[in-house]
Amino acid sequence: MSTSIPIYPLEQILEIKIKRQEEAEKEAIQKRELRDKETKTLKDLEDKRDKVRNHYQEKLQQIRIVLDEEGSNTREITQMRDYMKIVKEKLIKEEGLVVEQKKKVDAADQALEIALKIVKEKRLEVDKIKTHKDEWLVQSIKELRKEEEKLLDEVGTTMFYGRKLKDRKYE
């Protein structure tokens with residue numbers, strides 16, 4: 001006389017919440033990949049900027065050595081200073097690219113942070129529904145057992161009175 005456990009009434013909601021959680025996790029993975037890509041680009045730009053900076057420092061040192069020597073001419077010094085201006089402009093440009101890329105990395109970090117918060121919220125929602133489902137199942141099983149006991153009591157009572165009635169007939 002076993003009755004089956006009823007279907008959880010919020011099963012569809014649980015499935016939807018699980019699907020939304022999975023979508024949020026996928027989005028967080030994409031945000032992390034984007035942040036990693038932007039960070040790699042930043043590192044590449046910083047390396048490029050550092051090369052230009054080192055080149056600038058080397059040329060600056062070279063110009064100092066030339067100025068310290070007495071045999072240098074003004075044409076050579078002028079050429080070196082003009083070249084230094086070009087290198088400095090390139091260094092400023094590279095520094096600007098690094099600053100812009102840092103902004104992109106910061107934006108990607110913030111987007112990732114928001115996505116992770118959303119994932120956490122979605123997981124909490126799913127956990128709440130799963131906890132409710134577990135509690136509901138326990139309660140449903142208790143109710144089914146009570147109904148089964150009640151039914152068995154009724155059957156037993158009916159059988160008892162049926163025998164009693166049968167016994168009276170034969171008396």
Check: So, do Lys102 and Glu46 sit near enough that their side-chain heavy atoms are less than 4.5 Å apart?
Finding: yes

Next item on the list: Starting at CZ of Arg64, measure out to CG of Leu60 and round the result to the nearest 0.5 Å.
Entry: 4.0 Å

Notebook entry, point to check: Just by distance, with hydrogens left out, do Glu25 and Gln21 show a side-chain donor and acceptor under 3.5 Å apart?
Noted result: yes

Checklist line | Derivation of the side chain to side chain contact (heavy atoms under 4.5 Å, CB included) call for Arg81 and Lys85 | finding: CA-CA 6 Å; Arg81 283 187 178 163; Lys85 286 179 185 177; 5.5 Å; no

Notebook entry, point to check: When rounded to the nearest 0.5 angstrom, what is the spacing between NZ in Lys133 and NZ in Lys130?
Noted result: 8.5 Å

Margin query: Pair Lys122, Glu23 - check salt bridge (Lys or Arg N to Asp or Glu O under 4.0 Å), show working.
Written below: CA-CA 10 Å; Lys122 299 295 181 189; Glu23 289 171 359; over 6 Å; no

Next item on the list: Please assess Asp44 against Lys40 for the test salt bridge (Lys or Arg N to Asp or Glu O under 4.0 Å), listing each intermediate value before the final yes or no.
Entry: CA-CA 6 Å; Asp44 292 344; Lys40 184 185 181 308; 3.3 Å; yes

Margin query: Any non-hydrogen side-chain atom of Arg53 less than 4.5 Å from a side-chain atom of Glu95?
Written below: yes

Next item on the list: Locate the shortest heavy-atom distance separating Val98 from Leu42; write the atom from each residue and the value.
Entry: O-CD1, 3.7 Å

Margin query: Between Arg32 and Asp36, is the side chain to side chain contact (heavy atoms under 4.5 Å, CB included) condition met? List the steps.
Written below: CA-CA 6 Å; Arg32 186 177 310 257; Asp36 292 345; 4.0 Å; yes

Notebook entry, point to check: Roughly how far, to the nearest 0.5 Å, is the CD1 atom of Ile86 from the CG atom of Leu91?
Noted result: 14.0 Å

Item checked: Glu154 atom CD, over 12 foreign heavy atoms within 6.0 Å -> yes

Check: Do you see a donor-acceptor pair shorter than 3.5 Å between the side chains of Lys142 and Gln139?
Finding: no

Margin query: Students often mix this up, so state it plainly: with edges at 30° and 60°, are the rings of Tyr83 and His55 parallel, tilted or perpendicular?
Written below: perpendicular

Note to self: Quick check for you: to the nearest 0.5 Å, what is the distance between Asp134 atom CG and His132 atom NE2?
What the structure shows: 10.5 Å

Check: What are the two closest heavy atoms between Val126 and Leu14, and how far apart are they?
Finding: O-CD1, 4.2 Å

Checklist line | Linked, directly or transitively: Leu116 and Ile118 (ILVMFWY side chains, under 4.5 Å) | finding: no

Checklist line | Nearest-0.5 Å distance, CE of residue Met80 to CD1 of residue Ile77 | finding: 8.5 Å

Check: Should Tyr8 and Leu137 be counted in the same cluster of Ile, Leu, Val, Met, Phe, Trp and Tyr side chains packed under 4.5 Å apart?
Finding: yes

Notebook entry, point to check: Less than 4.5 Å apart, any side-chain heavy atom of Ile13 and any of Lys17?
Noted result: yes

Check: Can you check whether Lys90 reaches Tyr56 side chain to side chain, under 4.5 Å on heavy atoms?
Finding: no

Item checked: Heavy-atom closest contact (Ala115 atom, Ala28 atom, distance) -> CB-CA, 3.9 Å

Notebook entry, point to check: Do you know which two heavy atoms are closest between Trp136 and Pro6, and how far apart they sit?
Noted result: CH2-O, 3.2 Å

Next item on the list: Would you kindly confirm whether Ile92 and Val87 end up in one hydrophobic cluster when ILVMFWY residues are joined by side chain heavy atoms under 4.5 Å apart?
Entry: no

Check: Roughly how far, to the nearest 0.5 Å, is CG of Leu34 from CG of Leu112?
Finding: 9.5 Å

Note to self: As a quick check of understanding, evaluate salt bridge (Lys or Arg N to Asp or Glu O under 4.0 Å) for Lys103 and Glu100, giving each step before the final call.
What the structure shows: CA-CA 5 Å; Lys103 289 178 185 176; Glu100 287 299 315; 3.6 Å; yes

Next item on the list: Show your reasoning for whether side chain to side chain contact (heavy atoms under 4.5 Å, CB included) applies to Ile114 and Lys31.
Entry: CA-CA 10 Å; Ile114 291 168; Lys31 300 281 184 188; over 6 Å; no

Margin query: Using the rule given for side chain to side chain contact (heavy atoms under 4.5 Å, CB included), can you reason through Asp82 versus Thr78, listing the C-alpha separation, both sets of side-chain angles and the distance that settles it, and then say yes or no?
Written below: CA-CA 6 Å; Asp82 290 343; Thr78 306; 4.0 Å; yes

Next item on the list: Using modelled atom types only, decide if a donor and an acceptor are shared between the side chain of Gln101 and the backbone of Glu38 within a distance under 3.5 Å.
Entry: yes

